[in-house]
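Some notes on the structure that comes next.
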Number of protein chains: 2
Amino acid sequence: MKTTDRAATIKDVARAVGLSVATVSRAITNPKLLNAETLMRVRAAIDNLGYRPNVTAQNLKLSKTGLVMVVVPSLSPFFLEFFRGAEQAARETGYSVLVGHTDRDPAREARFLSQVNSRRADGIVLVTSADQKALLAEGRCLPPLVLALDVTTGGQFASVRVDHVAAAAQATTYLLGLGHRRIAHIAGARASAMTVHRLEGYRMALSEYGLSVDPALLQQGAFTVESGEHAMEQLLALDSPPTAVFAANDEMAIGAIRAIRRAGLSVPQDVSLIGFDDQRVARIYDPPLTTMRIPTYEIGYRSMLELAGLLGGKPQEADIVLPCQLVVRQSAAAVAAAAPA
Amino acid sequence: MKTTDRAATIKDVARAVGLSVATVSRAITNPKLLNAETLMRVRAAIDNLGYRPNVTAQNLKLSKTGLVMVVVPSLSPFFLEFFRGAEQAARETGYSVLVGHTDRDPAREARFLSQVNSRRADGIVLVTSADQKALLAEGRCLPPLVLALDVTTGGQFASVRVDHVAAAAQATTYLLGLGHRRIAHIAGARASAMTVHRLEGYRMALSEYGLSVDPALLQQGAFTVESGEHAMEQLLALDSPPTAVFAANDEMAIGAIRAIRRAGLSVPQDVSLIGFDDQRVARIYDPPLTTMRIPTYEIGYRSMLELAGLLGGKPQEADIVLPCQLVVRQSAAAVAAAAPA
DNA sequence: TTGTACGCGTTATCAT
DNA sequence: ATGATAACGCGTACAA
């Protein structure tokens, strides 16, 4: 084992065994083409020199990187789950993943796209926060791309998502079914398409019951515990507070619970709450959250699989819509018969 | 804007403006060397053709990738925080990060090391779960490497960590200070060095008070809510259960709380609990967890900065130890004066 | 200020 | 079964 400062290259191996680089290359990529004896000698030399093929050189030659970007709006537990799915699929298909987050900044989003155009990666799984029309307009030529979790325009790109509108409507309807009529909504981050869609579902469900949205019951949040807490404080300060709240994600629901408790009230006796996403914390919180389960992991997994398919040459332009599921736990209950005087 | 199927290369640009590739290259890397007028023409052509330098080719030429691996045992909220720090520092220093997780499997750990040796990335920030002696022994030549969060051998590698033993001792001492004497410990995942160190701290603190570890009060966990729950069930089934529990992380502490509640007892009235890490959930849980804060984000951040320094040529071999901090909230209280008969 | 030409480490084609 | 050699796309001496 010769100890030099620079790493051994294929040439070093070739020289060591007195063969050509072509032979050494074949010993790695296509061993059966070699004479058994020479193969052994080559392998010995490789081992001896500690030779490792230079991935960059391979990439240049083969014009691919074996890398994919996975870009999410923020590094939160919610997207962590998504990422786990994507990473799993990436490993299964032989890719490594480069992770990026945009903080919901379209400029940073564009930067990631541009990186892929520079061949930093072979393709990209994108959970975009903004409108995709912008993408479509701006990008002169877009890299292999699959949109995940939520899409605003249909059919233009491969995508894996859920129907946020329908899911939000179902969540709201559940509350309506429990007899609630003054139902508030704590909306998500302003820049997010999910926010719009979940609000839309809320609106739809109400209107099915002949109700319209009371602006006082509509609070802007930001998908954080703190924002949920603050929003709930506003709601509790109302002359006639809601009997139930639909929070656009679990973290805000938890924030709301905290505010409710601080006001000396309890969940679900005084106020019913329904969350969204079914994050891990929803199950372990006290009370366990009734929430709308989004198959986050699966979305990540399928997205990456789609991308791998795309990169594998299949010209698929699928729009996969995965089902959500209401998870009934203990944060929402039937509306109280009457307020005790 | 000529629309071809393959991406434009530097040659295409050169041909388009009737200049040499060298000039085009300079237009990008060192614009001031160019005649102002030619520079404009080159830029126009670049824009027009949508030319983007091929990162792979650049990498090969410059023999670096601009990539770093960040490898953690698992993709959990705890390591997410670590990762955020690392990612932030990576962006500040111009690197992109390739994320890997090992599921505490040494084989997978080795695989990541080997990837870096193949020049998939320039260096690696590693939160190893296993003993580093193995690393040191096996790796013929290790890539630029910094060890994070916990290290078993001192001084061999650059590292950024906390003193888990001291921190665990401090946590246990806090419980002792509250008057508790029957203090249980729910340990972490078996394969983790952190587990050993935190247990050691527990042991040390007890012995300072002239106590020794009661094997019945020592439960094996796995850093998960479920494992904490299960461990606590065992403890509650004891003839004389503990009055306080030191859980090796917050998730297990929460699991323990759940088990305690299910048994009809309450925290901290019947059993005091202290967690470890100060994960986000610790603050929002009910009751808010008393816990030992580990500067996870900072560790990630500093680790990546170390690595960037290493890659920048500075031959530093630092061992940075960051401080922990006890965060007193509401899950631990003074021991009850006497058990009501 | 711009051009020529070599090399980075591979893979793959075409000979032998 | 093995060897010579031309790309892959770029940066950078060195020359002009």
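Chain letters run A, B, ... following the sequence lines, proteins first and then strands; every chain starts at 1.
- Thr38(A) has a side-chain polar atom (N or O) that falls below the 4.0 Å cut-off from OP1 or OP2 of dT2(D).
- Formation of a donor-acceptor pair under 3.5 Å by the Asn54(B) side chain with backbone atoms of Ala57(B) is found in this model.
- Between Thr9(B) and Tyr51(B), the shortest heavy-atom contact is C-CE1, 3.4 Å.
- One can place CZ of Arg120(B) at 15 Å from C1' of dG9(C), the figure rounded to the nearest angstrom.
- Judged by distance alone with a 3.5 Å cut-off, a donor-acceptor contact links the side chain of Arg26(B) to the base of dG3(C).
- Comparing dG3(C), dG3(D), dC10(D) by their nearest atom to the side chain of Pro53(B) picks out dC10(D).
- Straight-line distance from the CG atom of Leu49(A) to the C1' atom of dG9(C): 15 Å, rounded to whole Å.
- OP1 or OP2 of dG11(D) sits under 4.0 Å from a side-chain N or O of Ser25(B).
- The nearest heavy atom of DNA chain D to Val21(A) and to Lys32(A) marks one nucleotide each, and the one closer to the 5' end goes with Lys32(A).
- If you measure from atom NZ of Lys11(B) to atom P of dA7(D), you get 9 Å, rounded to the nearest angstrom.
- As rounded to whole Å, 13 Å separates atom C1' of dT11(C) from atom CG of Asn54(A).
- Distance from the side chain of Ser20(B) is smallest to dT4(C) among dT4(C), dG11(D), dT2(D).
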Q: Tell me, with the steps shown, if Thr195(A) and Phe223(A) meet side-chain contact (heavy atoms from CB on, under 4.5 Å).
A: CA-CA 9 Å; Thr195(A) 298; Phe223(A) 287 137; 3.6 Å; yes
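- Using modelled atom types and a 3.5 Å distance limit, the side chains of Arg104(A) and Ser192(A) yield no donor-acceptor pair.
- In summary, Arg302(B) and Glu306(B) do not engage in a salt bridge, as defined by a charged side-chain N under 4.0 Å from a carboxylate O.
- Atom P of nucleotide dC8(C) and atom CD1 of Ile10(A) are separated by 14 Å, given to the nearest angstrom.
- Of the candidate nucleotides dT2(D), dC10(D), dT2(C), dT2(C) has the atom lying nearest to any side-chain atom of Leu34(B).
- One finds no side-chain N or O of Thr29(B) lying less than 4.0 angstrom from the OP1 or OP2 phosphate oxygen of dG11(D).
- Comparing dT11(C), dT10(C), dA4(D) against the side chain of Thr9(A) picks out dT10(C) as the nearest.
- Taking the six-membered ring where tryptophan is involved, the planes of Tyr301(B) and Tyr297(B) are essentially parallel, since the angle between them stays under 30° and well short of 60°.
- Between the CG atom of Asn30(B) and the P atom of dT1(C) there is a distance of 12 Å, given to the nearest Å.
- Distance Asn35(A) CG to dG3(D) P: 11 Å, rounded to the nearest Å.
- When all heavy atoms are compared, the tightest approach of Gly123(A) to Leu307(A) is C-CD2, 3.8 Å.
- Sorted by residue number, the members of residues 56-64 of chain B with any non-hydrogen atom under 4.0 Å from DNA chain D read Ala57(B), Gln58(B), Lys61(B), Leu62(B).
- A side-chain donor-acceptor contact under 3.5 Å links Thr65(A) and Asp122(A).
- In this entry the distance linking OH of Tyr51(A) with C1' of dT11(C) reads 10 Å, nearest Å.
- The residue Arg119(A) sits apart from the nucleic acid: no heavy atom pair falls under 4.0 Å.
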